[in-house]
**Q** 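Sending over a structure as structure tokens; questions will come in a sec.
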Amino acid sequence: MQFLVYIIAYPFLWLISILPFRVFYCLSDFVYLIVYYIIGYRKKVVRDNLALALPYLSVNERLKIEKKSYKHLCDMFLEMIKTMTISTKEMNKRFVMTNIGLLQEYEKKGKSIVMLASHYASWEWLMSVNEKTTFKSIATYKKVNNDYFDRLVRNIRSKYGTKLVVTRETIPYIAKNQREKTMSMYGLASDQSPKLDRIFHYHTFMGIEVPVHTGAEMIARKYDLSVLFVKVKKVKRGYYEATLIPIADDAKTLPEYKITHDFIHEVEKQIHEAPEYYFWTHKRWKHRKKS
């Protein structure tokens, strides 16, 4: 059954990927109408999250952000499909790293890095940065239940040479690279809620006390990795800019949880600048501390 669903869906996905951008975004507008008005995908979750994170805004102001966030969500989902056939030239025009020279400076240091990102703007097209570095790029990801679609997602996300590793295999993979002295760049999106059995630390995120992921900091400390935050900005529809922000060059010397807190602070700044581009459909505050 999995294969049957895949072979039926794949031709449609490929056709979507080759659409001219003007038609492509008209399709996204149509998908938005279905997802938001007909299906109402996770609408209650989004509204609850916005009310929790942005209580100082009026109901109408949050409603505007809600609708914009769904439009962006549809854009980004289809943009992942677009990656199947988009040319490198077109991708480089639409996803620009504003300070790529900083990454080249880290290459000269001969030290592997952790690149922290959030589920904001476009984390899918961020994979294209791999072509601009000599680091071996590794990104963690969650396996798709359908094996055929999982393979498709891995192929799309690894188009620019990034190797995808499931979460449970990340630490062994990093240990292996460190033993073999393989210069690597590890991409981690660490702004979502950890599972209950992996909660080690709470911190304020958007004014709410919640459990936060500390794995990136632990990895940086254990394996002596530099830490960068990549801030992605949506310039306009279909165009993004990414800027690298140094967080730690010598992780072991910093106070415990400082790296984690600094990362959370950078994510908050992104959200406050343009909240409509955050991934509000995730239950980020479900394990918050009760007042």
Side-chain angles (χ1 to χ4, degrees), residues 24-81 116-126 142 189-196 199 201-213 229-243 245 260-291:
F24 178 82
Y25 284 115
C26 285
L27 174 62
S28 181
D29 289 337
F30 177 69
V31 172
Y32 158 72
L33 294 175
I34 295 173
V35 170
Y36 184 76
Y37 287 103
I38 299 176
I39 299 175
Y41 173 69
R42 291 201 168 193
K43 194 178 286 188
K44 185 179 185 306
V45 173
V46 172
R47 286 184 180 172
D48 288 346
N49 284 344
L50 287 170
L52 282 168
L54 305 171
Y56 52 87
L57 296 180
S58 69
V59 173
N60 284 338
E61 287 172 325
R62 292 200 296 268
L63 184 60
K64 289 178 182 178
I65 292 171
E66 175 186 303
K67 291 179 178 180
K68 288 180 180 179
S69 73
Y70 273 94
K71 287 181 179 179
H72 172 68
L73 183 68
C74 294
D75 278 1
M76 200 193 63
F77 173 72
L78 290 180
E79 285 167 357
M80 182 180 73
I81 297 172
L116 291 175
S118 64
H119 289 86
Y120 184 93
S122 177
W123 59 92
E124 294 293 344
W125 281 3
L126 181 59
K142 185 177 180 180
S190 302
D191 57 316
Q192 294 188 345
S193 182
K195 294 181 178 179
L196 281 173
I199 294 175
H201 182 61
Y202 279 78
H203 186 59
T204 301
F205 178 52
M206 298 300 290
I208 306 157
E209 197 78 5
V210 291
V212 293
H213 281 287
F229 173 69
V230 56
K231 178 181 179 180
V232 181
K233 176 184 178 182
K234 188 168 186 175
V235 180
K236 60 181 180 179
R237 199 172 200 184
Y239 291 85
Y240 303 88
E241 287 182 352
T243 302
I245 299 172
T260 300
H261 294 175
D262 287 351
F263 164 67
I264 292 297
H265 180 59
E266 292 296 340
V267 178
E268 286 179 326
K269 287 196 293 184
Q270 269 189 316
I271 295 172
H272 283 302
E273 287 175 11
E276 61 267 30
Y277 302 134
Y278 191 59
F279 191 45
W280 294 106
T281 55
H282 181 71
K283 296 179 180 180
R284 179 63 187 90
W285 290 273
K286 62 182 175 181
H287 298 313
R288 65 188 182 277
K289 284 187 176 180
K290 305 296 181 181
S291 58

**Q** Partners of Phe77 by side chain to side chain contact (heavy atoms under 4.5 Å, CB included), sequence neighbours excluded?
**A** Met80, Ile81

**Q** Grab the two heavy atoms, one from Arg62 and one from Leu57, that are nearest each other, plus how far apart they are.
**A** NH1-O, 2.7 Å

**Q** Do Arg284 and His119 have side chains that get closer than 4.5 Å, going by heavy atoms?
**A** no

**Q** Rounded to the nearest 0.5 Å, how far apart are CZ of Arg288 and NZ of Lys283?
**A** 11.5 Å

**Q** I want to check something: taking the side chain as every heavy atom from C-beta on, are Asn49 and Tyr278 in contact at a cut-off of under 4.5 Å?
**A** no

**Q** Counting N and O atoms only, with roles assigned by atom type, does the side chain of His287 sit under 3.5 Å from a partner on the main chain of Val210, one being a donor and the other an acceptor?
**A** no

**Q** For Arg237 and Asp29, work out which heavy atoms get closest and say how close.
**A** NH2-OD1, 2.7 Å

**Q** Would you find more than 12 non-hydrogen atoms of other residues, nucleotides or ligands less than 6.0 Å from His265 atom NE2?
**A** no

**Q** Can you name the salt bridge (charged side-chain N to carboxylate O under 4.0 Å, His left out) partners of Lys286, sequence neighbours left out?
**A** none

**Q** Could you give the distance from CG (Leu116) to CD1 (Ile245), rounded to the nearest 0.5 Å?
**A** 11.0 Å

**Q** Once you round to the nearest 0.5 Å, how far does NE2 of His72 lie from SG of Cys74?
**A** 10.5 Å

**Q** Can you see which heavy atom on Ser193 is nearest to which on Pro211, and at what distance?
**A** OG-CG, 4.3 Å

**Q** Show, in sequence, the C-alpha distance, side-chain angles and deciding distance for Phe263 and Asp191, and conclude whether the side-chain contact (heavy atoms from CB on, under 4.5 Å) test is met.
**A** CA-CA 9 Å; Phe263 164 67; Asp191 57 316; 4.2 Å; yes

**Q** Ignoring hydrogens, what is the shortest heavy-atom contact between Gly238 and Lys234? Give both atom names and the distance.
**A** N-CE, 4.3 Å

**Q** Identify whether the distance between the nearest side-chain nitrogen and carboxylate oxygen of Asp48 and Lys44 falls below 4.0 Å.
**A** yes

**Q** Does some side-chain heavy atom of Glu124 sit less than 4.5 Å from a side-chain heavy atom of Glu79?
**A** no

**Q** Over all heavy atoms of both residues, which pair between Ile208 and Leu52 is shortest? Give the atoms and the distance, please.
**A** CD1-O, 3.4 Å

**Q** Is there a side-chain contact between Leu78 and Tyr25 in this structure, where contact means two heavy atoms from C-beta onward sitting under 4.5 Å apart?
**A** no

**Q** Would you find more than 12 non-hydrogen atoms of other residues, nucleotides or ligands less than 6.0 Å from Lys233 atom NZ?
**A** no

**Q** Minimum heavy-atom separation for Thr204 to Glu268, with atom names?
**A** O-OE2, 3.7 Å

**Q** Taking side chain to side chain contact (heavy atoms under 4.5 Å, CB included) as the test, write out the residues that go with Ala274, two or more places apart.
**A** Tyr120, Glu276, Tyr277

**Q** Among all residues two or more places apart in sequence or in another chain, which pass the side chain to side chain contact (heavy atoms under 4.5 Å, CB included) test with His201?
**A** His203, Val212, Thr214, Tyr257, His261

**Q** The test is side-chain contact (heavy atoms from CB on, under 4.5 Å); show your working for Phe229 and Val267 and say whether it passes.
**A** CA-CA 9 Å; Phe229 173 69; Val267 178; 4.1 Å; yes

**Q** How about Trp280 and Tyr70: are their ring centres within less than 6.0 Å of each other?
**A** no

**Q** Output yes when Lys269 and Glu266 qualify as a salt bridge under the 4.0 Å nitrogen-oxygen rule, no when they do not.
**A** yes

**Q** Would you mind reporting whether Gln192 and Phe279 have side-chain heavy atoms less than 4.5 Å apart?
**A** yes

**Q** Does some side-chain heavy atom of Trp125 sit less than 4.5 Å from a side-chain heavy atom of Met76?
**A** no

**Q** Please list every donor-acceptor pair under 3.5 Å in which a side-chain atom of residues 30-39 meets a protein atom from a residue at least two apart or in another chain.
**A**
from, atom 1, to, atom 2, distance (Å)
Tyr36, OH, Glu66, OE2, 2.5

**Q** Only counting residues at least two apart or in another chain, list the ones meeting side chain to side chain donor-acceptor pair (under 3.5 Å) with His282.
**A** none

